[in-house]
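What follows is a single structure, written as structure tokens, with notes after it.
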Amino acid sequence: MEIDESYVAEVDESFQETIKKESGKRGRRPGRRLSDKIDVKAKLERSRQSARECRARKKLRYQYLEELVSDREKAIFALTKELEMYYRWCQELDAGIIPDGLVKMVEEFNAVKKEKGIC
């Protein structure tokens, strides 16, 4: 069985090219030290800037949430106060007393009804 030497040479060349390509992807690259240091400094600065922006966004998010909680607490307080008022009115009605606020509320409700033309 004869082996064609040109075929062996082609296979050998392609094998060596494959090794060169693979070995070129790993390890240090000579002659790039200065530019690598500049790139590292730039990368660190971008990282610092990104961290600053992240902290600023986080601070704004917490401020927004605190305002939201504060608004909800005020609404809860107002509703609790209104509920207590209605509770007192119910107690007065059970005792046979007509609360002043109830009369005013009914009059306002009737005025709104007339404006809208419901009755």
- Task: Kindly compute the distance separating CG (D39) from CG (L44), expressed to the nearest 0.5 Å.
- Result: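 Between D39 CG and L44 CG, I get 11.0 Å after rounding to 0.5 Å.
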- Item | Euclidean distance, S47 OG relative to R52 CZ, rounded to 0.5 Å |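 Reported value, rounded in 0.5 Å steps: 9.5 Å.
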Would you mind writing out the side-chain donor-acceptor pairs for residues 71-85 within the sub-3.5 Å range, not counting sequence neighbours?
unit_1, atom_1, unit_2, atom_2, d
T80, OG1, I76, O, 2.7
E82, OE2, Y86, OH, 2.9

- Message: If we check salt bridge (charged side-chain N to carboxylate O under 4.0 Å, His left out) with E45, which of these qualifies: K41, K43, R48?
- Response: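 By the salt bridge (charged side-chain N to carboxylate O under 4.0 Å, His left out) criterion, E45 pairs with just one of K41, K43, R48: R48.
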- With no hydrogens and no angle check, do the side chains of Q49 and R46 hold a donor and an acceptor under 3.5 Å apart?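 The criterion, which ignores hydrogens and geometry beyond distance, is not satisfied for R46 and Q49.
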- Item | More than 12 heavy atoms of other groups within 6.0 Å of D100 CG |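 No.
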What side-chain donor-acceptor pairs closer than 3.5 Å can you find for residues 104-112, not counting sequence neighbours?
unit_1, atom_1, unit_2, atom_2, d
N110, ND2, V106, O, 3.4

- For side-chain hydrogen bond (donor to acceptor under 3.5 Å, both in side chains), just list the numbers for E66 and Y62, CA-CA rounded to whole Å, side-chain angles, deciding distance to a tenth of an Å, and then say yes or no. CA-CA 6 Å; E66 286 176 357; Y62 275 101; over 6 Å; no
- Taking all non-hydrogen atoms of both residues into account, name the closest pair between W89 and P99 and its distance.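 Answer, listing the atom of W89 first, then P99: CD1-CB, 3.5 Å.
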- Task: Taking all non-hydrogen atoms of both residues into account, name the closest pair between I98 and V103 and its distance.
- Result: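 Shortest heavy-atom contact: CG2-CG2, 3.6 Å.
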